[in-house]
J.: 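Handing you this structure, nothing more for now.
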Amino acid sequence: MPTIQLPDGSTRQFDEPVTPGQVAESIGPGLAASAIGAMVDGTMTDLDVPIAEDASIAIITARKGESESSDDALWLIRHSAAHVMAEAIQRLWPDVQLVYGPPVSGGFYYDMWLPEGNKISSEDFERIEAEMKAIVAEDRPFTRYDMSATEGLSKLESEGNKYKVDNAQRAIDGGSDELSWYATGNPGDNWEDLCRGPHVPSTGRIGAFKVMSIAASHWHGDSSSDQLTRIYGTAFTDRKQLKRHLKQLEEARKRDHRVIGKQLSLFTIDDAVGPGLILWKPAGSIVRQELQDFISLYTRRQGYDQVFTPHIGRLELYRTSGHFPYYQDSQYPPIIERDQMAILAGEGCSCGELSNRLESGDVEGYLLKPMNCPHHIRIYASEPRSYRDLPVRLAEFGTVYRHEQSGELSGMLRVRGFTQDDGHLFCTPEQIGEEVQGCLELVKIIFSTLGMDQYRVRVGLRDPESDKYVGDPDNWKLAETACIEAAEAMGVPFDAEAGEAAFYGPKIDFVVRDAIGRDWQLGTVQVDYNLPERFDLSYIGADNTAHRPVMIHRAPFGSMERFIGFLIEHFAGAFPAWLSPEQVRVLPVSDKSLEYAREVQSLLRAEDLRAGLDAGDERLNAKVRSAAEKKVPYVLVVGPRDSENRTVSVRAHGIERDLGAVPLDDFLASLASEVRGREHGTAISTLFPEAAPA
RNA sequence: GCCACCGUAGCUCAGUGGUAGAGCACACCCUUGGUAAGGGUGAGGUCACGGGUUCAAAUCCCGUCGGUGGCUCCA
């Protein structure tokens, strides 16, 4: 006699056990027709699972033609589409063994093991889709059946797919005493897959799908384990939704910082120099310099001292810090001094031996610095410190080198040489809270100037179960509390995640959402009890004895490379004027106006504005177009009318029309003020209050 | 590092074993044009690099380097 509660709070009584499908029917035929699954007491289930006890039910629906489907609906559709894709692939390649096929954000994938002689490439996608289409057209029901754990396991073992046996074993180890299968159609007659479910009622409910890409993966995510093939796909309720999704992907591709970086001549990566090493071209260097100046200004205001340190340091320094040899794999090999090299050569030292002797300290050398902290620590240690001096705050745009795996390199986002907006704070345990708050404050100022209001922080705490952490537990508690309180004080969303701390201290990561909704992990603040210990750092306390300082590492924007890569994608290359390599471009209508155009340009330059001049003999249309392609924020068209009246005719990037003529002096004042204030588009809103925002 | 795919002019890309192509960009000429490509002419390539097969290789095979998408990793 179940009483079913619906999301609106109303209840319905049933005389006997009822399925969510029947509940939907009792509400109305429209709901029943669009139902594809249900949430029963917060758990997603199939429509045909009988419910005997009181429960609250929400029907998950997907209607053809709806412009947006719920996350739950898409989860069901994609999970089901993964099955259909697997069935299609096994029709085409019967020997392929299935491993694991979950829905993921944006779609789904299926991992599979391809025996010798089976090869799937992107050229096969059309064939796979054609098979999938046929399966969807057959509209066969997803039919679940269960077996006891032992029975199920022996079935799987007889089928000879060790991956599915493993999946089942894991489910059993996780507490299941039953295993379930889903057949697309009749169990026994049609294709089936071991699966926990749930699924949409039938294959026909998968509205629109596409096989997207193919990639490698590893069994259990373990790179020493079996190499699997992963095929990605996506699915939606409706063809229009799929089309919109593909368009969004296209939009993301257009924002790709590698593409825009080329278009706008911001940076280049040159084989002759080396992979993962960025050459900042003049335009990109302006963006970086402006940003660094901005960050430096606020860092100074927060009481940091600017320092400069070299790009290399003795190996012994990094033995002390622990960076060498623990992270040897991701470092460029050490630099060995000439005389040492000669001795080693004389001794006929092998490469393996050399490596051992470098590690043991028997042979000395230098390392390209993988971190700035050891250098900053030595600055701290270079003079006696009193508690009155603390906190000591050292800041440097410090360039470091890490030999990232070749497959990891990606434009400016993952590189081998990069410049961190690095800073190290040496403070007393009591000062941690305030200092961490200062770091968050800086992030807040800079994000709000850049117009990014959607960001959150992640606080990484100890895993209480683990003993991998260094330092005194009381200190940890202090630092963790400080981090959480700082995050709270910042007034942005944050999650505290246990087990996400570094072994040497808790940390805070910044995650920012860009203009098209993607999340980017940028900088971090980390409390460190380890390095002060390793370097035996101290300060003299009020009690006239030596105390150990705590260190805080902070690179709130990560690296200049990654941060600017992110900014390029966020702004799609259309930077606010203060960051723009070319802030304004003057376009003479013809040679006859060239002289006035030059005067306008030189007046702009006198205001410290970066002003270009298009003196080519193209027609105005072509000049307007090319300025737009270079994403110059402001374009001033000047012709005889303008020179006569001392006006400029203004265009702004993103507004595809002539905004009209304004007095030259007014424009100079407005733009200079916008740029000085690091504002975005205020020159336009001042001069042309009616114009649409850029 | 692993797997798949890719590498042709500055850029985007065509070119299935038989004399290297297009558009854009660039240079020059004509055009002096008021808001997203005016017209013409020209220059530009060791087809990533090295080896092999072949009468003949951008094209087929092997290797190296580099890139892309994933996986693994990220102090």
J.: Quick one: which protein N/O atoms are closer than 3.5 Å to N/O atoms of nucleotides 38-49 of chain B? Pair and distance per line, please.
T.:
{"from": "B/rG38", "atom 1": "N9", "to": "A/R619", "atom 2": "NH1", "distance (Å)": "3.0"}

J.: Is the distance from OP1 or OP2 of B/rU12 to the nearest side-chain N or O of A/K262 less than 4.0 Å?
T.: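 It does, given that an N or O in the side chain of A/K262 lies less than 4.0 Å from OP1 or OP2 of B/rU12.
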J.: With a non-hydrogen cut-off below 4.0 angstrom, is A/G639 in contact with a base, only sugar-phosphate, or nothing?
T.: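 If one applies the 4.0 Å heavy-atom cut-off, A/G639 turns out to touch a base.
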J.: Does the A/D422 side chain pair with the main chain of A/A395, one donor and one acceptor, at a distance under 3.5 Å?
T.: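 No.
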J.: Kindly point out which of B/rC71, B/rG69, B/rG67 is positioned nearest to the side chain of A/H218?
T.: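 Nearest to the side-chain atoms of A/H218, counting from C-beta on, is B/rC71.
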J.: For B/rU53, which nucleotide in any strand shown is its Watson-Crick or wobble partner with both distances under 3.5 Å?
T.: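 Pairing partner, where one exists within any strand: none, as none qualifies.
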J.: Let's test this: given Watson-Crick or G-U wobble pairing with both distances under 3.5 Å, identify the partner of B/rC26.
T.: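 Looking at the geometry, B/rC26 pairs with B/rG42.
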J.: Name the orientation class of the two ring planes belonging to A/H424 and A/H376 (parallel below 30°, tilted from 30 to 60°, perpendicular beyond 60°).
T.: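 Plane angle over 60°, so perpendicular.
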J.: Touch check for A/D642, heavy atoms < 4.0 angstrom, all strands: base, sugar-phosphate only, or nothing?
T.: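 Base, at least one base heavy atom under 4.0 Å.
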J.: Classify the nucleic acid contact of A/D591 as base, sugar-phosphate or nothing, counting any heavy atom under 4.0 Å across all strands shown.
T.: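 Here A/D591 touches the bases of the nucleic acid.
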J.: In terms of the nearest nucleotide of RNA chain B, which residue is placed more toward the 5' end: A/R625 or A/I269?
T.: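 Going by which nucleotide is closer to the 5' end, it is A/R625.
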J.: Identify whether NZ of Lys or CZ of Arg in A/R127 sits under 6.0 Å from the centre of the six-membered ring of A/W93 and within 45° of that ring's axis.
T.: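 Yes - A/R127 lies over the ring of A/W93, closer than 6.0 Å to its centre and within 45° of its axis.
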J.: For a quick check of understanding: with a heavy-atom distance under 4.0 Å over all strands, which category does A/K623 fall into, base, sugar-phosphate or nothing?
T.: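 The residue A/K623 makes no contact with any strand.
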J.: Could you check whether A/R255 pairs with A/E251 (Lys NZ or Arg NE/NH1/NH2 to Asp/Glu carboxylate O, under 4.0 Å)?
T.: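 Salt bridge present between A/R255 and A/E251.
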J.: Does a side-chain heavy-atom distance below 4.5 Å link A/Y163 with A/D226?
T.: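 Contact flag for A/Y163/A/D226 side chains = yes.
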J.: For nucleotides B/rG15 and B/rG70, find the distance between their P atoms and express it as a whole number of Å.
T.: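 It works out to 26 Å between them.
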J.: Can you tell me the base-pairing partner of B/rC71? Count Watson-Crick or G-U wobble geometry only, both distances below 3.5 Å, and say none if there is no partner.
T.: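 The base-pairing partner of B/rC71, which may sit in any strand shown, is B/rG1.
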J.: Looking only at N and O atoms, is any donor in the side chain of A/S649 or the base of B/rG34 less than 3.5 Å from an acceptor on the other one?
T.: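 Yes, the side chain and the base share a sub-3.5 Å donor-acceptor pair.
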J.: For the pair made of CD in A/E629 and P in B/rC26, what is the distance, rounded to whole Å?
T.: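 In whole Å, B/rC26 P and A/E629 CD are 11 Å from each other.
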J.: For A/R562, report the nucleic acid contact type (base, sugar-phosphate, nothing); a contact means any heavy atom under 4.0 Å.
T.: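 Since no nucleic acid heavy atom lies under 4.0 Å of A/R562, the category is nothing.
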J.: Does A/R230 have a side-chain nitrogen or oxygen under 4.0 Å from the phosphate oxygens OP1 or OP2 of B/rG69?
T.: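 For A/R230, the contact criterion (side-chain N or O under 4.0 Å from OP1 or OP2 of B/rG69) is not met.
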J.: State whether A/Y100 places a side-chain N or O below 4.0 Å from either non-bridging phosphate oxygen (OP1 or OP2) of B/rC71.
T.: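 The answer is no; no side-chain N or O of A/Y100 sits under 4.0 Å from OP1 or OP2.
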J.: Just name whichever nucleotide pairs with B/rA36, Watson-Crick or G-U, keeping both distances under 3.5 Å, else none.
T.: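 With both distances under 3.5 Å required, B/rA36 matches none.
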J.: With both distances kept under 3.5 Å, what pairs with B/rG66, Watson-Crick or G-U wobble?
T.: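 B/rC6 is the nucleotide pairing with B/rG66.
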J.: Nearest to the side chain of A/V637, which nucleotide is it out of B/rA36, B/rU35, B/rC71?
T.: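 Shortest atom-to-atom distance from the side chain points to B/rU35.
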J.: Please determine, for the side chain of A/V624, which listed nucleotide (B/rG69, B/rA75, B/rA36) has the closest atom?
T.: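 The answer is B/rA36, which lies nearest to the side chain.
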J.: Could a donor-acceptor pair under 3.5 angstrom be found where the side chain of A/R651 meets the base of B/rU35?
T.: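 By the distance-only test, yes, there is a pair.
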J.: For the side chain of A/D124 and the backbone of A/S121, is there at least one donor-acceptor N/O pair under 3.5 Å apart?
T.: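 Yes, the answer is positive, given that a donor and an acceptor are paired below the 3.5 Å cut-off.
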J.: Given B/rC11, B/rG67, B/rG1, identify the nucleotide with an atom nearest to the side chain of A/S406.
T.: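 Ranking B/rC11, B/rG67, B/rG1 by closest atom to the A/S406 side chain puts B/rG1 first.
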J.: I'd like the C1' distance from B/rA9 over to B/rG18, given in whole Å.
T.: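 The same atom, C1', in both gives a distance of 23 Å.
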J.: Rounded to the nearest Å, what distance is computed from the CG atom of residue A/D256 to the C1' atom of nucleotide B/rC11?
T.: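 Atom-to-atom, A/D256 to B/rC11, this comes out as 15 Å.
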J.: Check this for me, if you would: do A/E359 and A/R319 make a salt bridge, where the nitrogen-to-carboxylate-oxygen distance has to be below 4.0 angstrom?
T.: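 No, A/E359 and A/R319 are not salt-bridged.
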J.: Quantified in whole Å, what is the C1' atom distance between nucleotide B/rC47 and nucleotide B/rU8?
T.: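 B/rC47 and B/rU8 have their C1' atoms separated by 4 Å.
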J.: Can a donor-acceptor pair under 3.5 Å be found between the side-chain atoms of A/R414 and the base atoms of B/rC74?
T.: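 Present.
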J.: What nucleotide, of B/rU32, B/rC73, B/rA36, holds the atom closest to the side chain of A/Q405?
T.: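 Within the option list, the nearest is B/rC73.
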J.: What is the nucleic acid contact for A/Q331, judged by heavy atoms within less than 4.0 Å: base, sugar-phosphate only, or nothing?
T.: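 Base, at least one base heavy atom under 4.0 Å.
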J.: For a quick check, tell me whether the side chain of A/D658 and the base of B/rG34 share a donor-acceptor pair closer than 3.5 Å.
T.: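 Donor-acceptor pair under 3.5 Å: no.
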J.: Between A/Y634 and A/A577, which heavy-atom pair has the shortest distance, and what is it?
T.: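 Scanning both residues, the minimum pair turns out to be CE1-CB, 4.1 Å.
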J.: Tell whether A/S330 reaches the base of B/rA75 with its side chain through a donor-acceptor pair below 3.5 angstrom.
T.: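 Looking at the base of B/rA75, it does pair with a donor or acceptor on the side chain of A/S330 (distance under 3.5 Å).
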J.: For the side chain of A/Q227, starting at C-beta, report the closest nucleotide among B/rC2, B/rU32, B/rG34.
T.: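 The nucleotide sitting nearest to the side chain is B/rC2.
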J.: Run the numbers on A/Y401 and A/H311 for side chain to side chain contact (heavy atoms under 4.5 Å, CB included), then give the verdict.
T.: CA-CA 9 Å; A/Y401 297 88; A/H311 286 221; 3.3 Å; yes
J.: When rounded to the nearest 0.5 angstrom, what is the spacing between CZ in A/R651 and CD in A/E656?
T.: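 Going from CZ on A/R651 over to CD on A/E656, the span is 7.0 Å.
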J.: In whole angstrom, give me the gap between the P atoms of B/rG52 and B/rC26.
T.: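 Each nucleotide's P atom is 43 Å from the other's.
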J.: If you only use heavy atoms from C-beta on, which nucleotide in B/rA75, B/rA36, B/rC2 is closest to the side chain of A/H323?
T.: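 Given the options B/rA75, B/rA36, B/rC2, the side chain of A/H323 is closest to B/rA75.
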J.: What nucleotide among B/rU35, B/rA75, B/rG67 has an atom nearest to a side-chain atom of A/Y504?
T.: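 Between B/rU35, B/rA75, B/rG67, the one nearest the side chain of A/Y504 would be B/rA75.
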J.: Let's test this: given Watson-Crick or G-U wobble pairing with both distances under 3.5 Å, identify the partner of B/rA14.
T.: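 Looking at the geometry, B/rA14 pairs with no nucleotide.
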